[in-house]
Amino acid sequence: MAIRVLTKTILHRVIASTSKQLSSFPTPNPKNFSTNRLVSPEFSQQSQYRKLISLADVFQRYGFPKSQLHDFLSKNRFLMNSNSSEIEKSLKILLSLKSSQEFLISVVYNCPRVLEFEFLKNWEMGISIIGGSNATSLMVQNVLEVSRKFGLGPEDLCRCIQRLKGLGFSDGTVTRILEEFPMVIVMNENGICERIDFLVGIGIDRNRIDRVFNSFPGILACGVQNKLMRLVGEFEDLGFSLDVVRREILRDPSVLGLELGELSRCLELLRNLKCRVPIKQKIFSDGAFRAGLEVKRRVDCLNSYGLIRRDAFKVLWKEPRAIYYEIEDIEKKIEFFMNFEKQIVPRYNVIEYLRSKSGLGDEVGLKRLIKLSRLRFYNLYVKPYPECEKMFGRFAGGIEDENQHPVGMWKLFKPKKYPESKEDLKNIRSFMESLV
């Protein structure tokens, strides 16, 4: 009897708990039932993978490097929301703007958002505006990037070009401005006129305004009151007349891109130089203003190779002749020293080892150590001495002599030695005696 009551109690609890669990689920509604609930995670991953393969196939057909596509698509997930046909249409429109594969790859990598089909579809009608004979790849790329960022269309570019030409700029200058400063599209005419009026105000003839903008389009990014006027004031405070300033601007308009105080720092270095009189005369041969600019360019060059500006000034102070060296020569010297540890040090180690072992017939100086090509040095000093392979480093393994014979081939060309009999020795002796 007790067992029967206990069984009924347990059964009642199980039924009650089950009914509560079932009542917690909402009643199925046919309207809310969609196929997405039936899609398993594995199926979704397969679908994404197929989409990725399809997009990669489209980009490869248009010349994009296969090795970079995975990283490119992973960084730009929005492309997964576009179908392959729209991406291909966008690529075709870009090619119609400028039929260059290099341009296509560059613009897509630098600004992937231009691939949005709705954006490019607006530009399809404006191909004649942006894809004219004067348009360069850099101009088209920069115009598209700015247009995508600010939601501009070909009609905005058309108004900008008309505005610039109306102010007297030539076709070449308009192209240069759009290449270097595409933000001019969103500038109003008054902003451009302010820069022109500034140049006229310091005595530059209007006929030369076009040349200034062509050489230095960045003047449009410089404020008139807070930058250009103050910069000219600084030049005058340094003792330069307005005629000198005007002459230097016409000679090199990028002077207007100097930061405030930059020329003052360069001239201070020149005043504190401790060098021989002929060197200083050569530095100042074109005037103090030009000498200061040359210091600035050398500092920029050294800074581009990783030196902070303070250390770059120290280099010029210790070696003043670098101020009148050509920039290309300075870059070559820097490249040489950057490769010093990789190429010169291993050579030096090999030569020092051979010298300690008396393995050098002739003395090897620094000139010969540097002048020899990598292959020539390897063949002369490393290849005959297997123990030097490790000193020469990884460069030894990458050198191959296409004309060399396989290892051990020399043994096949060595004459075979035959035993000499008494009769052979007799014949040789009689032959030698006949020659006496």
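The shown structure was predicted, so the numbers you read here are calculated from the model rather than taken from an experiment.
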Do you know the tightest heavy-atom contact between [X] and [Y]?
| X | Y | answer |
| --- | --- | --- |
| Trp123 | Val143 | CH2-CG1, 4.0 Å |
| Ile185 | Leu157 | CD1-CD1, 4.1 Å |
| Lys227 | Leu256 | NZ-O, 3.7 Å |
| Asn379 | Pro384 | O-CD, 3.5 Å |
| Asp156 | Gly153 | OD2-N, 2.9 Å |
| Val299 | Leu316 | CG2-CD1, 3.7 Å |

Ion pair check, [X] and [Y], cut-off under 4.0 Å:
| X | Y | result |
| --- | --- | --- |
| Asp300 | Lys296 | yes |
| Glu180 | Arg176 | yes |
| Arg355 | Glu352 | yes |
| Asp286 | Arg251 | yes |

Heavy-atom donor-acceptor pair, [X] side chain to [Y] backbone, under 3.5 Å:
| X | Y | value |
| --- | --- | --- |
| Arg246 | Ile202 | yes |
| Asp210 | Ser170 | yes |
| Asp252 | Val255 | no |
| Asn272 | Glu268 | yes |
| Asn76 | Phe72 | yes |
| Arg290 | Ser285 | no |
| Ser54 | Lys51 | no |
| Arg195 | Gly191 | yes |
| Glu262 | Glu259 | yes |
| Ser356 | Tyr353 | yes |

Is any side-chain heavy atom of [Y] closer than 4.5 Å to one of [X]?
| X | Y | value |
| --- | --- | --- |
| Leu69 | Leu55 | no |
| Leu267 | Val295 | no |
| Leu115 | Val108 | yes |
| Val350 | Arg347 | no |
| Phe181 | Asn142 | no |
| Asp311 | Ile308 | yes |
| Arg148 | Glu145 | no |
| Phe59 | Lys66 | no |

Can you measure from [atom1] ([X]) to [atom2] ([Y]) and round to the nearest 0.5 angstrom?
| X | Y | atom1 | atom2 | value |
| --- | --- | --- | --- | --- |
| Ile249 | Phe216 | CD1 | CZ | 10.5 Å |
| Ile209 | Ile196 | CD1 | CD1 | 6.5 Å |
| Ile351 | Tyr381 | CD1 | OH | 5.5 Å |
| Leu178 | Leu138 | CG | CG | 10.0 Å |
| Cys222 | Asn226 | SG | CG | 9.0 Å |
| Leu164 | Glu189 | CG | CD | 9.0 Å |

*asked:* Under the criterion side chain to side chain contact (heavy atoms under 4.5 Å, CB included), I'd like the reasoning laid out for Leu270 against Phe284: C-alpha separation, chi angles, the key distance, then a yes or no.
replied: CA-CA 9 Å; Leu270 293 173; Phe284 286 94; 3.6 Å; yes
*Going through the distances and angles, do Val200 and Asp205 end up as a side chain to side chain contact (heavy atoms under 4.5 Å, CB included)?*
CA-CA 6 Å; Val200 174; Asp205 192 88; over 6 Å; no
*Kindly indicate, with the supporting measurements, whether the criterion side-chain hydrogen bond (donor to acceptor under 3.5 Å, both in side chains) is fulfilled by Asn190 and Asn188.*
CA-CA 6 Å; Asn190 292 335; Asn188 56 39; 4.9 Å; no
Could [X] and [Y] be counted as a cation-pi pair, given that NZ or CZ must be under 6.0 Å from the ring centre and within 45° of the axis?
| X | Y | answer |
| --- | --- | --- |
| Arg113 | Phe119 | no |
| Arg298 | Tyr325 | no |
| Lys383 | Tyr378 | no |

For the [atom1] atom on [X], are there more than 12 heavy atoms of other groups (residues, nucleotides or ligands in this structure) within a distance under 6.0 Å?
| X | atom1 | result |
| --- | --- | --- |
| Arg309 | CZ | yes |
| Tyr348 | OH | no |
| Glu102 | CD | no |
| Arg208 | CZ | no |
| Arg206 | CZ | no |
| Met229 | CE | no |

_Test log, rule salt bridge (Lys or Arg N to Asp or Glu O under 4.0 Å), inputs Asp243 and Arg247_ = CA-CA 6 Å; Asp243 289 338; Arg247 185 188 68 215; over 6 Å; no
*asked:* Is it true that Glu116 and Ser90 share a donor-acceptor pair across their side chains at a distance under 3.5 Å?
replied: no
_Is a donor from one side chain sitting under 3.5 angstrom from an acceptor on the other, for Ser100 and Ser137?_
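Side-chain D/A pair, Ser100 to Ser137: absent.
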*Please walk me through it: do Ile283 and Ile279 pass side chain to side chain contact (heavy atoms under 4.5 Å, CB included)?*
CA-CA 6 Å; Ile283 292 173; Ile279 296 176; 4.0 Å; yes
*asked:* Please verify the inter-ring angle class for Phe289 with Phe240; under 30° counts as parallel, over 60° as perpendicular, anything in between as tilted.
replied: perpendicular
*Give the C-alpha distance, both sets of side-chain angles, the deciding distance and a yes or no for side chain to side chain contact (heavy atoms under 4.5 Å, CB included) between Arg376 and Leu380.*
CA-CA 6 Å; Arg376 180 71 174 158; Leu380 286 176; 3.7 Å; yes
